[in-house]
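All remarks here apply to the structure that follows.
Indexing begins at 1, ligand by ligand and atom by atom, following the structure's order.
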Amino acid sequence: MCGIVGYTGSAQAGPILLEGLKKLEYRGYDSAGIAVINNGEITLSKVTGRIDNLYEKTDGGRAAPGRAGIGHTRWATHGMPTDYNAHPHLSNDGRFAIVHNGIIENYALLREELIEKGYHFESETDTEVVVHLIEMYYNGDLKRAVIRTCGRLQGSYALGVACTDEPERLFAARESSPLIIGLGIGENFFASDVTALVSYTRNAIYMEDGEFAEITPDRVTVYDVTGSPVKKEVDRITWDIQAAEKGGYPHFMLKEIMEQPGAVKATLAPRIKDDEIVLDGQDFSAAELLDINKILITACGSAYYAGCAGRFAIEKLFRVPVSVELASELRYSDPIIDEHTLLIVISQSGETADTIAAMKECRSRGAKTLAIVNVVGSTVAKLADRTIYTWAGPEIAVATTKGYTTQLSVLYLFALYAARKTGRIEDGEYEHLLTTLKNLPKRLQESIDLSSRIPKLAKRYAHTRSIFFIGRNTDAAAALEGALKMKEISYIHAESYPAGELKHGTIALIEDHQPVIALCCNDSVMEKTMNNIIEVKARGADVLAVTFRKNDRILSLADEMIFVPKTDTVFAAIVEIIPLQLLAYYTAREKGCDIDKPKNLAKSVTVE
Ligand code: BG6
C-alpha cells in the first residue's frame with residue numbers, strides 16, 4: 001500500500017521527507033514524490049522507481065527549500081506507475097498539494113463532476129479528485145475545506161494536505177487507512193506508520209477514522225467531522241524499526257493473514273455499486289459472455305490453487321465448463337483453444353515466467369484473456385485484454401495469504417457478475433449471493449477470531465513427518481492450498497487428497513497417529529466426508545476437522561475441531577483457508593523456521 005509523510009518545523013523539510021519515505025520503502029511502491037512549500041510556491045518533485053531517484057532529482061532534498069512539506073510512496077492501484085500518476089498531486093491553481101493512502105471508491109463520479117465544473121486532471125489516479133475538491137471548497141478556511149472534501153469521499157484514505165496560503169500549517173485526515181502524528185519540539189510530523197517517525201520522535205498521536213489534524217510547528221489540534229476539537233492521548237512508540245515494519249507482528253506473514261478482511265473488502269467493495277457488479281472499465285457485454293463456451297484458468301503455486309477453488313463458483317453460477325491448468329504444464333500441452341475460450345490468468349506479481357509463457361501460448365491460439373493481478377502495470381496485466389486488480393497491497397512474505405484470498409474473491413465476483421449479465425441466475429439467488437459476497441470480509445474476520453486455539457494445536461504437528469489434508473469439491477480445493485502453506489513454511493511433507501479417492505491406494509499410508517486434517521465445510525458432500533473421517537480413524541489416524549460452528553455431528557468423529565463461520569458452500573473455500581494458513585504459520589513458528597523467507601523459495605519466479 002502507499003505511504004505518506006509530512007513535516008512542519010524549523011528545519012528544511014526536503015531531507016526529512018526523503019528520510020521518512022526511505023523508512024516506508026519496505027511497504028512496497030513503484031513511484032514517489034515530495035512537495036515543499038516555500039515563499040508562496042510549491043516545489044514538486046516526483047519520480048517513477050526508487051526513492052534514490054528522488055534523492056538524486058532533489059539533490060537530497062536541498063533543491064526543494066522550505067520548512068513544511070508532504071511526501072508519498074505510491075503502490076499503484078488506479079493508473080500505471082508513472083511520474084504523472086505519482087503523488088503529491090496539485091490543485092489547478094497550484095496552491096494545494098495532497099498525498100493519499102487508500103482507495104477513493106466514488107472517484108469516477110467525482111471526476112466527472114469536477115471536469116464539468118472546469119477542473120482539469122493531470123493523472124489517472126482516484127486520488128486527484130481530492131485536491132480539486134479542496135480547491136473548490138476553499139474559501140480561506142483550510143480546515144473547513146478539508147472536512148467538507150472528506151464528506152464527499154467514499155472509501156479509505158489517509159490524507160496529507162499542504163497549502164501555499166498557510167505555509168507552515170499542514171492538514172491530515174484519516175478514514176480506514178492508518179495515520180499517525182509525530183510530536184517533536186518546534187516541529188511536528190505525520191506518517192502512515194511509525195517507522196517514518198521513530199528517528200525524530202517517539203511521542204505519537206494515533207488518529208482514528210473520521211478525525212482531522214491541523215499541524216503547525218508548535219501545535220497539533222485534532223478535530224472531529226463537525227470541526228470540534230477532540231482530546232487525544234499522546235502515546236509513546238516503543239517498537240523498534242523491525243517491529244514497526246511488521247505492524248507489531250513477529251512476521252510479515254502473520255500481519256498479512258490479519259490484513260485479509262481489509263484486503264478482500266478493498267478488492268470487492270469498489271466493484272459492487274447499488275447492488276450491481278461493475279468491473280471498473282473492464283466490463284464484458286452479455287454477448288461477449290454468451291460467446292464463451294469454455295474457461296481455462298492458468299497460474300502457478302497458490303494462484304493456481306485459487307483457480308482450483310474459484311472454478312466451482314464459476315461453473316455453478318455461470319454454467320460454463322472450467323478447467324484449471326498449471327501454467328508450467330499448459331505452455332507445453334498443445335492446448336485446444338479458440339476464440340470462444342476465455343483464459344483467466346492469475347498472478348500476484350504479474351511476473352511469473354511460466355504464467356506469462358502459458359498466457360502468450362493461449363493468446364496466440366485465439367483465447368481472450370482476463371488477468372487477476374496484484375501489481376498494477378505488471379507484464380501479465382499489460383498482456384491481458386482485461387485486468388481485474390486485486391487490491392491486497394504489497395505482499396512481503398514469500399508464502400502468499402492475502403494474495404490468494406483476494407484472487408479467490410475476484411473469481412467469486414466474476415462468477416456472479418457473468419451469471420447476472422447472462423441471465424443465468426434468478427434475481428433472488430443473485431441478491432442472496434451478492435449479500436454473501438459483500439459479507440465475506442466479516443466472515444474472514446470471524447474465521448480469524450475463531451482461530452485462537454491454533455497456536456496450541458500447532459504444537460501437535462511441529463514434529464510430525466507428514467500430514468494429509470482431505471476434502472471433497474470446494475473443500476478439496478482449499479485442501480490444496482492448506483497443504484502447500486504447511487509445506488512451504490514448516491517444511492513438513494503435507495499432501496492434499498480428495499477424500500473420496502483415499503480408498504483407491506493412498507489410504508495404505510494411514511497408520512496409527514497419522515495426522516489428517518479433514519475439511520468439512522461443504523454441505524453437499526458433508527456426509528461423504530464424514531464417512532472418510534471414519535475410514536481414516538479406523539486405521540488409527542489423528543483427525544483434526546475444520547467445519548462450521550454447531551456442526552456437532554462431527555464432534556463425535558474427530559479428535560480435534562476448528563470452527564469457521566458458516567457461509568454459502570460456493571464461497572466456503574475463502575473462509576476455511578484462514579485456519580489452515582494459521583496452522584501452517586504456528587507450526588512453522590514452533591519449529592523455528594524462517595517464516596517470511598522460506599528456504600529455496602522466491603516471492604515471484606521470473607525464470608522458467
Ligand atoms: C511462488 C510464490 O514463487 O509463485 C507463490 O511463492 C505464488 O506464493 C507463485 O503463488 C505464483 O506467483 P504469482 O506472483 O504468479 O502469483
Please work out which of Cys300, Ser378, Ala299 has its closest non-hydrogen atom nearest to atom 9 (C) of ligand 1.
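Among Cys300, Ser378, Ala299, the closest heavy atom to atom 9 (C) of ligand 1 belongs to Cys300.
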Fill in: Nearest-option assignment for atom 15 (O) of ligand 1, heavy atoms, candidates Thr352, Val345, Thr400
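The residue whose heavy atom sits nearest atom 15 (O) of ligand 1 is Thr352.
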- Pairs flagged by salt bridge (charged side-chain N to carboxylate O under 4.0 Å, His left out) wherever residues 587-598 is involved - sequence neighbours left out: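 For residues 587-598, and leaving out neighbouring residues, the salt bridge (charged side-chain N to carboxylate O under 4.0 Å, His left out) pairs sorted by first residue read Lys459-Glu590.
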Got the closest protein heavy atom to [atom], with its distance?
atom                    : result
atom 4 (O) of ligand 1  : Lys603 O, 4.2 Å
atom 3 (O) of ligand 1  : Ala602 O, 2.9 Å
atom 7 (C) of ligand 1  : Ser302 N, 4.2 Å
atom 16 (O) of ligand 1 : Gln348 N, 2.7 Å

Just checking, any donor-acceptor pair under 3.5 angstrom between side chains of [X] and [Y]?
X      : Y      : answer
Glu128 : Ser123 : yes
His251 : Tyr585 : yes
Lys485 : Ser302 : yes

Ring centres under 6.0 Å, that's the criterion: do Phe414 and Phe284 meet it?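 When the ring centroids of Phe414 and Phe284 are compared, they turn out to be within the sub-6.0 Å range.
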Practice task
Answer with yes or no after comparing the ring centroid distance for Tyr497 and Phe468 against a 6.0 Å cut-off, counting only values under it.
Solution key: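 No, too far apart.
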**Message:** With respect to Thr355, determine whether any N or O atom, backbone or side chain, lies less than 3.5 Å from an N or O atom of ligand 1.
**Reply:**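 Checking ligand 1 against Thr355, no N or O pair falls under 3.5 Å apart.
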message: Is it the case that ligand 1 has an N or O less than 3.5 angstrom from some N or O of Ser349?
response: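 Yes.
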Numbering the atoms of ligand 1 from 1, which are under 4.0 Å from a heavy atom of Ala303?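 Numbered from 1, ligand 1 contributes 10 (O), 16 (O).
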What atoms of ligand 1 come closer than 4.0 angstrom to any heavy atom of Val398?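 Answer, ordered by atom number: 6 (O), 8 (O).
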TODO: Considering only NZ, NE, NH1 and NH2 on the basic side and carboxylate oxygens on the acidic side, decide whether Glu25 and Arg50 come within less than 4.0 Å.
DONE: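 Yes, charged N to carboxylate O under 4.0 Å.
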